[in-house]
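The next block holds one structure in the form of structure tokens; read it before the comments.
All figures in this text were calculated on a predicted structure; none of them were measured in a lab. Throughout, residue positions are numbered sequentially from 1 according to the sequence presented. These numbers come from the heavy atoms of this one structure, side chains and all, not from hydrogens, waters or symmetry mates.
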Amino acid sequence: MNAATLDHRSSFRSVRPGQVIAWTLLFLGGIVMITPILFMLSTSLKDASQVYDLRLVPESPTLDNYITVLSDGRFLRWFLNSLFVAVAVTLSNVFFDSLVGYTLAKFRFRGRYFIFIAILSTLMIPTEMLVIPWYLMASSFGWIDTYWGIMFPGMMTAFGTFLMKQFFETVPDEFLEAARVDGLNEFSIWWRVAMPLVTPALSALAIFTFLGNWTAFFWPLIVTNSRELYTLPVGLSSFAVEQAIQWEMIMTGASLATIPTLFVFLLLQRYIVRGVMLAGLKG
């Protein structure tokens, strides 16, 4: 018996029953989470006669649904609307939330804690209670049925401010003092010194904000009237019931709608992992 075999057996014996149970539960949880996605993709490859066939592998897969949806100019317009709104709100959150979080974390001024508590208290207010004030504000400023009307409620968030403040507190003050000695102003210190040190938090905030605005349905449905300004979730819901509920078309549109979210996650996932590791080290 060689040394490799002995090492393999010893490593196998070192696996505890609790680890096996945890791995099994993790595997089963992964199957439960991915099954709806597989069913969505499968349904998008079926025609109307196969929609209620629950097999994951279609009997006669077809790409006709994708051709039909992509050839509809409205879908492309809704897709671009959602992309523009999600990207614009994400950039706004990354800029303003990080700027406010940095100010609350690194500056000492009277009322700092009161301002922070006031910002956090907005997290306790349900979104449904804010819809009427948002709508009245949008109406008074002429923002109904405009891109700005869709975006303004999420341009800055309490969650993003809290997240960035917590991470900025881990930045050593010595780095900032050295930058001040070198003659940098406060904005340059925030942008060139502090921001690169909290990249994992910025990536996490960007992903959460992008996904939240990409899938937003309730507020865009209320504030928009013209089909040209519909975001993708609102457009798909209206597209689905024009003639009859066409589940194969809905699933096709939903499958296409997942592409940007997957791209953003794959692009930034390593920063998310780093953020989780840093949070664990901080604790």
Side-chain angles (χ1 to χ4, degrees), residues 72-104 115-116 118-165 187 190-191 195 201-240 253-254 256-261 263-265 267-268:
D72 192 324
R74 294 174 299 173
F75 178 85
L76 181 59
R77 179 62 184 266
W78 299 334
F79 187 94
L80 294 177
N81 287 343
S82 288
L83 187 62
F84 171 74
V85 170
V87 171
V89 175
T90 299
L91 293 177
S92 174
N93 270 258
V94 168
F95 180 81
F96 289 110
D97 291 353
S98 61
L99 189 59
V100 175
Y102 174 79
T103 302
L104 294 174
I115 294 174
F116 182 57
I119 293 174
L120 285 184
S121 64
T122 61
L123 293 173
M124 296 184 292
I125 304 176
T127 303
E128 292 77 9
M129 295 183 62
L130 297 173
V131 168
I132 294 178
W134 286 348
Y135 189 86
L136 294 177
M137 181 178 176
S139 178
S140 62
F141 285 100
W143 294 343
I144 299 297
D145 206 30
T146 63
Y147 287 113
W148 184 251
I150 300 174
M151 295 187 297
F152 84 89
M155 300 294 283
M156 178 179 172
T157 63
F159 168 76
T161 301
F162 170 76
L163 178 67
M164 297 309 303
K165 176 183 180 296
F187 185 86
W190 164 73
W191 181 255
M195 287 286 276
L202 291 172
S203 302
L205 177 61
I207 287 179
F208 296 148
T209 305
F210 183 89
L211 294 180
N213 285 273
W214 180 263
T215 59
F217 176 79
F218 188 48
W219 175 247
L221 175 66
I222 293 175
V223 79
T224 55
N225 299 320
S226 59
R227 291 180 177 271
E228 290 75 16
L229 286 176
Y230 280 177
T231 57
L232 192 55
V234 179
L236 287 177
S237 66
S238 65
F239 178 69
L256 292 172
T258 60
I259 294 176
T261 59
F263 176 77
V264 170
F265 179 78
L267 182 65
L268 300 177

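With contacts defined as side-chain heavy-atom distances shorter than 4.5 Å, the pair S82/P233 qualifies. The shortest distance between side-chain heavy atoms of F141 and F152 does not fall below 4.5 Å. Two residues are said to be in side-chain contact when any heavy atoms from C-beta on lie closer than 4.5 Å; L256 and F75 meet this criterion.
Residues R74 and R227 come closest through the heavy atom pair NH1-NH1, 4.5 Å. For P153 against W219, the heavy-atom pair with the smallest separation is CG-NE1, 3.5 Å. Of all non-hydrogen atoms in P220 and T231, the two that sit nearest each other are CB-OG1, 3.7 Å. In this structure, V234 and S237 approach most closely via the heavy-atom pair O-OG, 2.6 Å.
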Taking distance alone, no hydrogens or angles, what donor-acceptor pairs closer than 3.5 Å link side-chain atoms of residues 209-217 to residues at least two apart or in another chain?
unit_1 : atom_1 : unit_2 : atom_2 : d
T209   : OG1    : L205   : O      : 2.7
N213   : ND2    : T209   : O      : 2.8
W214   : NE1    : A257   : O      : 2.8
T215   : OG1    : L211   : O      : 2.8

Can you give me every donor-acceptor pair (side chain of residues 124-139, partner residue at least two apart or in another chain, under 3.5 Å) with its distance?
none

Please tabulate, one pair per line, all N/O donor-acceptor pairs under 3.5 Å involving side-chain atoms of residues 94-101, not counting sequence neighbours.
unit_1 : atom_1 : unit_2 : atom_2 : d
D97    : OD1    : T157   : N      : 3.3
D97    : OD2    : T157   : OG1    : 3.0
S98    : OG     : V94    : O      : 2.4
S98    : OG     : F95    : O      : 2.9

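Taken to the nearest 0.5 Å, the CH2 atom of W78 stands 8.5 Å off from the CG atom of L232. Rounded to the nearest 0.5 Å, atoms CZ (F208) and CG (L163) are 7.5 Å apart. Here the CD1 atom belonging to I222 is positioned 9.5 Å from the CD1 atom belonging to I144, to the nearest 0.5 angstrom.
In terms of the ring pair (Phe, Tyr, Trp, His ring centres under 6.0 Å) criterion, W191 has no residue partners (sequence neighbours excluded). Taking F187 as the reference, W190 meet the ring pair (Phe, Tyr, Trp, His ring centres under 6.0 Å) condition, with sequence neighbours excluded. Under the side-chain contact (heavy atoms from CB on, under 4.5 Å) criterion, T224 pairs with D145, I150, L229, Y230, sequence neighbours left out. With sequence neighbours excluded, no residue forms a side-chain hydrogen bond (donor to acceptor under 3.5 Å, both in side chains) with S121. Remark: T122 pairs with A158 by the side-chain contact (heavy atoms from CB on, under 4.5 Å) rule, at least two apart or across chains.
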Determine whether M151 and F84 satisfy the following criterion, side chain to side chain contact (heavy atoms under 4.5 Å, CB included), listing intermediate values before the conclusion. CA-CA 10 Å; M151 295 187 297; F84 171 74; 4.2 Å; yes
Are K165 and T103 close enough, and set up right, to give a side chain to side chain contact (heavy atoms under 4.5 Å, CB included), and what steps lead you there? CA-CA 8 Å; K165 176 183 180 296; T103 302; over 6 Å; no
